[in-house]
Enquirer: 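This structure is in structure tokens; I'll ask about it shortly.
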Amino acid sequence: MNFKKPKGTKDILPKDIYKWHYIERIIREVSAVFNFSEIRTPTFENTELFKRGVGNDTDIVGKEMYTFEDKSGDSMTLKPEGTAPVMRALIENSMINESPFHKLFYITNMFRHEKPQAGRFREHTQFGAEIIGSNSFYTDVELILMAKEVYNRCGIENYTIKINSIGKPNERKHYINVLKDFLANYINDLSEDSKRRFETNTLRILDSKDKNDRQITENAPKILDTLGEESKLRFNKVINELENLKINYEIDFRLVRGLDYYTDTTFEFVSQSLGSQDAIGGGGRYDMLIEQLGGKETPGAGFGSGIERIIIAAEKNGFTFGKINKPLIYFIALNDIARMKSYEIMNELRAKNIPSEIDLLNRSFKAQMRDANRLGVQFVYIVGDDELEKNAGQLKNMENSSQYSVPFSELAEKLLEFNK
RNA sequence: GUGAGCGUAGUUCAGUUGGUUAGAACAUCAGAUUGUGGCUCUGAGGGUCGGGGGUUCGAAUCCCCUCGCUCACCCCA
């Protein structure tokens, strides 16, 4: 019986891991530049947190969660999204009382029981950032800039920033009624999916992929036009600031996010290099969320971004993520005593932070040379009978094949000099 | 949950109207005179043709079922 990884999961193999290291480094760099602090929360939480935070009626909670009962009979869920757990942690650790303002980021894996397809997995990795405690329109802008900076540093060029506002909850309720009144006239022309959505999730009809649905909704009342003065003004400030910073964006009235907690600004980064799942990141404001989770009324905004999708988009853009690490030197020992001596020297080099390798398969000289070549090491250090006698090995530069004798005691020094 | 496409060595694929021991390239390993990699040459290992059942004298090839992968819908990063 051969074991296979669960559907929708992936093994990140040594040949690919450097991409992840690179992206994670970029995220940490950019987070530092924007003064965000890292937060890590558990892999699973009480199921109730997501029901309350994300919304019982959302697809995520309704049918995509990995929920299980633990040994004490409590219902637990592998986190399907990152914001609710971070808010829980803020409240639980009294962070909001300690300080009214926080800028946090995280890199974590997430779990949703969906049917996998291009750019969509059951376990995926997300990088996210949250700004808690300010309702300034600058927070919205700051998050957009931060995500943009990460994408830029990963060589992603061809993407579009879509932005919209879904207003306050009561404004949204009002708009849904307006939209329903409008769509009622076309109800028979809508796709089957959208007919169903008419009752369950009217807003989503706007981002239906059905051609006919889109034609109908093209002329539907726009949410932006129905918002109250305060929300409108706020949205305009965000837009003006983006203009001021010369950030290209597109107002997209179809952009209605799927999670219940969003308010006012919503945005999404859409890549032209991806398949059907083309969002590399998205987010928005959630001014009611903390209160909803039992904290005191505190505004917030954030975004999440899929690292797998960033990698796919970056590679489509020809980005290479730097290089794979390789040893600087490979020891070639021609007998047991030489091996013992080599290992002793190599141990010193490693202590001095010089990446070193030696054959552990007792291979022939030739095979060891081949192995060294395959690894792409800069140097090979050959130790055999002659070298043991002279207390000096043969240091060979694999690039130009030059080779000369270097005393055992001077090897580290020589290499450190080269490494400068 | 719905729909479509695809499953032959580690990888990319070939495999003639069903016909004997299923092939190639690349990769791996080992050699090409005594202690030197890449290039070249030679050789070796590696496949229950996704799995099960059926049709047939005979199935990688035809039929059914099943599993897996991929893409799309739904939804989302």
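Letters go in sequence order (proteins before strands), and every chain restarts at 1.
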Enquirer: Start at the 5' end of RNA chain B and walk down; is the nucleotide closest to P116(A) or to D278(A) reached first?
Expert: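 Nearest nucleotide further toward 5': that of P116(A).
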Enquirer: If the C1' atom of rG7(B) is compared with that of rG50(B), how far apart are they to the nearest Å?
Expert: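 It works out to 6 Å between them.
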Enquirer: Indicate yes or no: at least one non-hydrogen side-chain atom of F319(A) is less than 4.5 angstrom from one of I156(A).
Expert: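 Of all side-chain heavy-atom pairs linking I156(A) with F319(A), none is under 4.5 Å.
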Enquirer: How close or far is atom P of rC75(B) from atom NZ of K209(A), stated in whole angstroms?
Expert: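 Atom-to-atom, K209(A) to rC75(B), this comes out as 9 Å.
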Enquirer: Quick one: M110(A) CE to rC76(B) C1', roughly how many Å, whole number?
Expert: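 That distance rounds to 12 Å.
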Enquirer: With the side chain of R196(A) defined as its heavy atoms from C-beta on, choose the nearest nucleotide among rG35(B), rU28(B), rC74(B).
Expert: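 Nearest to the side-chain atoms of R196(A), counting from C-beta on, is rC74(B).
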Enquirer: On a whole-Å scale, what distance lies between the P atoms belonging to rG18(B) and rC57(B)?
Expert: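 To the nearest whole Å, 15 Å.
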Enquirer: Using atom P of each nucleotide, how far apart are rU21(B) and rA60(B) to the nearest Å?
Expert: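 It comes out at 10 Å once rounded to the nearest Å.
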Enquirer: Tell me: NE2 of H124(A) to P of rC76(B), nearest whole Å?
Expert: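 So the NE2-P distance, H124(A) to rC76(B), works out to 12 Å.
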Enquirer: Is any side-chain N or O of S364(A) closer than 4.0 Å to OP1 or OP2 of rA30(B)?
Expert: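 So the side-chain polar atoms of S364(A) never come under 4.0 Å of the phosphate oxygens OP1 or OP2 of rA30(B).
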Enquirer: Measure CG/D57(A) against C1'/rC75(B) and give the value in whole Å, please.
Expert: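 Rounded to the whole Å, the gap is 15 Å.
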Enquirer: If the P atom of rC29(B) is compared with that of rU70(B), how far apart are they to the nearest Å?
Expert: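 Those two atoms are separated by 29 Å.
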Enquirer: Report yes if a side-chain nitrogen or oxygen of R370(A) is closer than 4.0 Å to either non-bridging phosphate oxygen (OP1 or OP2) of rA30(B); otherwise report no.
Expert: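 Indeed, a polar side-chain atom of R370(A) lies that close.
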Enquirer: For a quick check of understanding: with a heavy-atom distance under 4.0 Å over all strands, which category does I382(A) fall into, base, sugar-phosphate or nothing?
Expert: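 Base, at least one base heavy atom under 4.0 Å.
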Enquirer: Contact class for Q403(A) (heavy atom, under 4.0 Å): base, sugar-phosphate, or nothing?
Expert: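 Touches a base.
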Enquirer: Quick one, K10(A) and R122(A) - any side-chain contact, counting heavy atoms below 4.5 Å?
Expert: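 Result no, sub-4.5 Å side-chain heavy-atom pair not found.
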Enquirer: With P as the reference atom in both, quote the distance from rG68(B) to rU42(B) in angstrom, rounded to an integer.
Expert: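 Comparing P positions in rG68(B) and rU42(B) gives a spacing of 44 Å.
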Enquirer: Give me the distance, rounded to whole Å, that separates rG35(B) from rC39(B) when you measure between the P atoms they each carry.
Expert: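 Taking atom P in both rG35(B) and rC39(B), they lie 23 Å apart.
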Enquirer: Between F34(A) and F105(A), is the ring centre distance below 6.0 Å?
Expert: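 No - the distance between ring centres of F34(A) and F105(A) does not fall below the 6.0 Å cut-off.
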Enquirer: Please tell me which of E308(A) and P6(A) maps to the more 5' nucleotide of RNA chain B, matching each residue to the nucleotide holding its nearest heavy atom.
Expert: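 Final value for this comparison: P6(A).
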Enquirer: Choosing from rA77(B), rU36(B), rU2(B), which nucleotide comes nearest the side chain of K115(A)?
Expert: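 Selected nucleotide (nearest to the side chain): rU2(B).
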Enquirer: K366(A) side chain: which of rC75(B), rA32(B), rA30(B) is closest?
Expert: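 So the nucleotide nearest the side chain must be rA32(B).
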Enquirer: Could you tell me which non-hydrogen atom of L227(A) sits nearest to which non-hydrogen atom of S165(A), and how far apart they are?
Expert: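 Heavy-atom minimum between the residues: CD1-OG, 3.6 Å.
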Enquirer: Which part of the nucleic acid, if any, lies within reach of A279(A) when heavy atoms closer than 4.0 Å are counted: base, sugar-phosphate only, or nothing?
Expert: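 Result for A279(A) = sugar-phosphate.
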Enquirer: R197(A) has a side chain; which of rC74(B), rU36(B), rG38(B) sits nearest to it?
Expert: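 Side chain of R197(A) sits closest to rC74(B).
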Enquirer: Could you check how far CG of L395(A) sits from P of rU36(B), rounded to whole Å?
Expert: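 After rounding, the reported distance stands at 18 Å.
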Enquirer: May I ask you to decide if the ring planes of Y66(A) and F111(A) are parallel, tilted or perpendicular, using 30° and 60° as cut-offs?
Expert: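 Taking F111(A) first and then Y66(A), their aromatic rings stand perpendicular (interplane angle over 60°).
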Enquirer: Counting only distance, no hydrogens or angles, is the base of rU70(B) paired donor-acceptor with the side chain of Q117(A) under 3.5 Å?
Expert: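 Absent.
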Enquirer: Determine whether a donor-acceptor pair (one donor, one acceptor, N or O, separation below 3.5 Å) exists between the side chain of E387(A) and the base of rG35(B).
Expert: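 Side chain to base: pair found, below 3.5 Å.
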Enquirer: Taking any heavy-atom pair under 4.0 Å as a contact, classify D385(A): base, sugar-phosphate, or nothing.
Expert: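 Contact class for D385(A): base.
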Enquirer: Using atom C1' of each nucleotide, how far apart are rA9(B) and rU28(B) to the nearest Å?
Expert: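 Each nucleotide's C1' atom is 12 Å from the other's.
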Enquirer: Are any of R374(A)'s side-chain N or O atoms less than 4.0 Å away from OP1 or OP2 of rU28(B)?
Expert: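 Checking rU28(B) against R374(A), a side-chain N or O does come within under 4.0 Å of OP1 or OP2.
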Enquirer: Measure from the side chain of R120(A), starting at C-beta and using heavy atoms only, and say which of rG68(B), rA77(B), rG35(B) lies closest.
Expert: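 Comparing rG68(B), rA77(B), rG35(B) against the side chain of R120(A), the answer is rA77(B).
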Enquirer: If I take atom CZ in residue F121(A) and atom C1' in nucleotide rC76(B), what distance separates them, rounded to the nearest angstrom?
Expert: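 Whole-Å distance recorded here is 13 Å.
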Enquirer: What distance, rounded to whole Å, do you find between the two P atoms, one in rG23(B) and one in rA44(B)?
Expert: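 Their P atoms lie roughly 13 Å apart.
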Enquirer: Return no unless some side-chain N or O of R204(A) is found under 4.0 Å from OP1 or OP2 of rC76(B).
Expert: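 Affirmative; the distance criterion is met.
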Enquirer: Who is the Watson-Crick or G-U wobble partner of rC73(B), with both distances under 3.5 Å?
Expert: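 The answer is rG1(B), by the H-bond criterion.
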Enquirer: Side chain of S276(A), heavy atoms from C-beta onward: which of rC73(B), rG35(B), rC76(B) has the nearest atom to it?
Expert: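 That would be rC73(B).
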Enquirer: Indicate yes or no for a side-chain donor-acceptor contact from T47(A) to the backbone of S75(A) under 3.5 Å, with no hydrogens or angles considered.
Expert: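 Side chain of T47(A) to backbone of S75(A), a donor-acceptor pair under 3.5 Å: yes, one is there.
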Enquirer: Please give the nucleotide sitting opposite rC6(B) as a Watson-Crick or G-U wobble pair, both distances under 3.5 Å, or none.
Expert: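 Partner of rC6(B): rG68(B).
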Enquirer: Output the rounded distance in Å from CD1 (I107(A)) to P (rA77(B)).
Expert: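 Computing the I107(A):CD1 to rA77(B):P distance gives 17 Å.
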Enquirer: Does a salt bridge link E344(A) with K341(A), judged by any charged N lying under 4.0 Å from a carboxylate O?
Expert: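 Salt bridge between E344(A) and K341(A), a charged N being under 4.0 Å from a carboxylate O: yes.
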Enquirer: Is G119(A) touching bases, backbone alone, or none of the nucleic acid, heavy atoms closer than 4.0 Å?
Expert: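 Base contact - G119(A) has a heavy atom under 4.0 Å of at least one base atom.
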Enquirer: Need the pair for rC57(B). Rule: Watson-Crick or G-U wobble, both distances under 3.5 Å, any strand; none if unpaired.
Expert: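 When the pairing criteria are applied, rG19(B) turns out to be the nucleotide that pairs with rC57(B).
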Enquirer: Is the closest basic N to carboxylate O distance between K19(A) and D16(A) below 4.0 Å?
Expert: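 Answer for the salt bridge query: yes.
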Enquirer: Strictly below 4.0 Å: does Q277(A) bring a side-chain N or O up to OP1 or OP2 of rA72(B)?
Expert: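 For rA72(B), neither OP1 nor OP2 has a side-chain N or O of Q277(A) closer than 4.0 Å.
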Enquirer: Which nucleotide sits closest to the side chain of A367(A): rA30(B), rC71(B), rC75(B)?
Expert: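 Side chain of A367(A) sits closest to rA30(B).
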Enquirer: Within the 4.0 Å heavy-atom criterion, would you say L334(A) contacts the bases, only the backbone, or no part of the nucleic acid?
Expert: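 If one applies the 4.0 Å heavy-atom cut-off, L334(A) turns out to touch a base.
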Enquirer: Measure from CZ on F3(A) to P on rC67(B) and round the result to the nearest Å.
Expert: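 The distance from CZ of F3(A) to P of rC67(B) comes to 19 Å, rounded to the nearest Å.
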